[in-house]
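Inspection log for the structure reproduced underneath, given as structure tokens.
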Amino acid sequence: MRIIDLRGKELTRAEMLDAMPRAEMGTDEASEIVQPILDNVRENGAAALREYAEKFDHIVPKSFRVPTDVMDAAVASLDPEVRAAIEESVRRARAVAKSQVPEDFHTDLAEGARVSERWIPIQRVGLYVPGGKAVYPSSVIMNVVPAQAAGVESLAIATPPSRDNAQGWPNKTILATCAILGVDEVYAVGGAQAIAMFAYGAADLDNPVSPVLCEPVDKITGPGNIFVATAKRLVSGIVGIDAVAGPTEIAIIADKTSNPAYVAADLIGQAEHDELAGSVLITDDEQSAEAVQAELNKRVPRTEHSERVATSLSGKQSAIILTDGIEQSIDAANAYAAEHLEVQTADPDAVIAKIRNAGAIFRGNYSPVPLGDYMSGSNHVLPTSGTARFAAGLGVHTFMKPVEVIEYDEQGLKELAARVNAFAVSEDLPAHGESVLTRFIDDPYNKETITEQEEEAGLR
């Protein structure tokens, strides 16, 4: 891993941000590929989906909508140990999600003057579950559980078809997880075309019995590759999205007390995801950094995906950052704003108290990132590429909208009518004031007598 040495440097905020290792997203180039896909699916629906299934997945599923009996069969064939792990993950995720549900509230500002806030579930959501280098039933759980806790009434899942299945159904473990969670609207559609299907809906004109394959959704969530991320960015505004996710990443704040074997294993675990995955060690102890590098040299060749891991760890997005002390380590971590931040230091609570930017924080030696990936009860869909400086991870709040309800009676409005009018006139929006005054005076358009009318009506 390359070294970024911050020791002896007093960096400005801009310089610190610029010093952080980052992967290059390349969404501008991907846009040229993705936009025609979106347009084609919008115009031609299921016919376009068939075209892209053959082109990109090299298999056209028997039907894009996965039959429920196929999903039930996937559950029946699931390894009992894997099913137990999935069910435990669901149980823990549901317990946390239940606690996240926000409560409605109201504020009484005066007699007859109340403002309330209601939390309303998004009506229909499309959840994307990637394929690619690994199988992600965990992503099904992380997206579905908070949406269900929020009260979303219509959930659809899209995930790529499997080339290993003669009929093109998606991975069995993913289908089984959908069934365990009670989601029966599942589509064997992957990539940017799945995002287009969710955003615009998709007709199937070749099916006279059911000419609508998929209805459009209100929001799309879930991770994916560069083409999925670009598609989400391009349809944002037509539908809501959770985020435009970049490559996954980990940062570990360590000191001389940290265990080099633990740190190295956790860096390798994140690097396993993708060649562009970022693995960053931040430490104020050069000997610890050397010990971690020695552990990496021993461990990387022995892990199954060693080539992928080695590429990730040697990339520009990965580095060992050397600092003058724990305060500079914290500054570097806040600038990096990691998707996953592990704190393996002598006093993790003191460090965590000063962390402002992280997708999720993993405290101590026995809270590694893979725990959060699968079974901690937390959500693993988190902000990447430094966006944790202003964004949060997926949760129940992702699937709800706060809506204010304004409730004033006659007396409540009367007390403010003249002031509202004065404010409106100051903004050169007199009709705003006239709208309010109409309820209390005869002629709000007669500006010569407006003050007199307000006084007679008891507005002053």
Side-chain angles (χ1 to χ4, degrees), residues 88-110 112-129 138-157 180-183 185 198 216-223 232 236-245 337-341 352-353 355-363 367 371-384 387-408 412:
E88 180 63 17
S89 178
V90 170
R91 186 187 71 80
R92 289 173 181 259
R94 279 184 169 152
V96 173
K98 182 179 179 181
S99 300
Q100 287 183 342
V101 178
E103 295 184 359
D104 296 351
F105 68 87
H106 68 265
T107 303
D108 290 322
L109 299 160
R114 170 176 288 186
V115 174
S116 305
E117 185 168 270
R118 294 180 56 213
W119 284 88
I120 302 174
I122 292 171
Q123 186 173 359
R124 178 164 165 79
V125 172
L127 312 174
Y128 186 77
V129 179
S138 56
S139 284
V140 180
I141 297 169
M142 299 298 166
N143 282 271
V144 169
V145 168
Q148 290 177 331
V152 173
E153 65 182 54
S154 177
L155 290 174
I157 289 177
I180 289 169
L181 288 162
V183 179
E185 187 180 350
F198 280 152
V217 304
D218 302 309
K219 191 167 190 175
I220 300 170
T221 71
K232 287 170 68 177
S236 177
I238 298 168
V239 293
I241 63 171
D242 52 349
V244 178
E339 177 189 15
H340 310 91
L341 176 65
I352 290 171
I355 295 298
R356 302 176 65 88
N357 304 323
I361 301 171
F362 298 78
R363 179 195 181 279
S367 303
L371 176 67
D373 286 341
Y374 299 114
M375 215 166 292
S376 68
S378 62
N379 202 295
H380 79 201
V381 183
L382 301 167
T384 61
T387 59
R389 290 187 295 120
F390 53 82
L394 200 76
V396 171
H397 58 274
T398 306
F399 301 99
M400 303 189 81
K401 305 170 294 182
V403 178
E404 290 182 329
V405 179
I406 296 87
E407 182 186 357
Y408 275 54

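Rounding to the nearest 0.5 Å gives a distance of 9.0 Å between CD of Glu404 and OG1 of Thr107. Taking OG from Ser138 and CG from Asp373, the interatomic distance works out to 6.5 Å, rounded to the nearest 0.5 Å. A distance of 9.5 Å separates CZ in Arg118 from NZ in Lys401, rounded to the nearest 0.5 Å. Here CZ of Arg114 is found 4.0 Å from CG of Asp108. Values are rounded to the nearest 0.5 Å. Rounded to the nearest 0.5 Å, atoms NZ (Lys98) and CD (Gln148) are 14.5 Å apart. Here the CD1-CG distance, from Ile352 to Leu341, works out to 8.0 Å after rounding to the nearest 0.5 Å.
Here Ala156 pairs with Arg124, Glu185, Tyr187, Phe198 under the side chain to side chain contact (heavy atoms under 4.5 Å, CB included) rule; sequence neighbours left out.
Between Ala388 and Gly359, the shortest heavy-atom contact is CB-N, 3.7 Å. Minimum heavy-atom separation, Arg92 to Met375: CD-O, 3.0 Å. Across His380 and Gly372, no two heavy atoms sit closer than the pair CB-O, 3.7 Å. Contact record, Gly393 with Leu382: CA-CD2, 3.9 Å, taken as the closest heavy-atom pair. Between Gln100 and Gly395, the closest heavy-atom pair is OE1-CA, 3.7 Å. Across all non-hydrogen atoms, the minimal contact from Trp119 to Pro102 is CD2-CG, 3.3 Å.
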Verdict with supporting geometry, Asn379 and Val96, side chain to side chain contact (heavy atoms under 4.5 Å, CB included): CA-CA 9 Å; Asn379 202 295; Val96 173; over 6 Å; no
Check against side chain to side chain contact (heavy atoms under 4.5 Å, CB included), Leu181 and Arg94: CA-CA 11 Å; Leu181 288 162; Arg94 279 184 169 152; 3.8 Å; yes
Side chain to side chain contact (heavy atoms under 4.5 Å, CB included) between Leu371 and Phe362, intermediate numbers included: CA-CA 9 Å; Leu371 176 67; Phe362 298 78; 5.6 Å; no
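Side-chain atoms of Lys219 come within 3.5 Å of backbone N or O of Thr398 as a donor-acceptor pair. Proximity of a side-chain donor or acceptor of Asp218 to a complementary backbone N or O of Gly240 within less than 3.5 Å is not detected. Not one N or O on the side chain of Thr384 forms a donor-acceptor pair closer than 3.5 Å with the backbone of Ala245. The closest donor-acceptor contact from the side chain of Lys232 to the backbone of Gly222 lies under 3.5 Å.
For the pair Val217 and Val125, the minimum side-chain heavy-atom distance is 4.5 Å or more.
Judged purely by distance below 3.5 Å, without hydrogens or angles, the side chains of Thr221 and Asn143 pair a donor atom with an acceptor atom.
More than 12 heavy atoms of other residues, nucleotides or ligands shown are found within 6.0 angstrom of OH on Tyr408.
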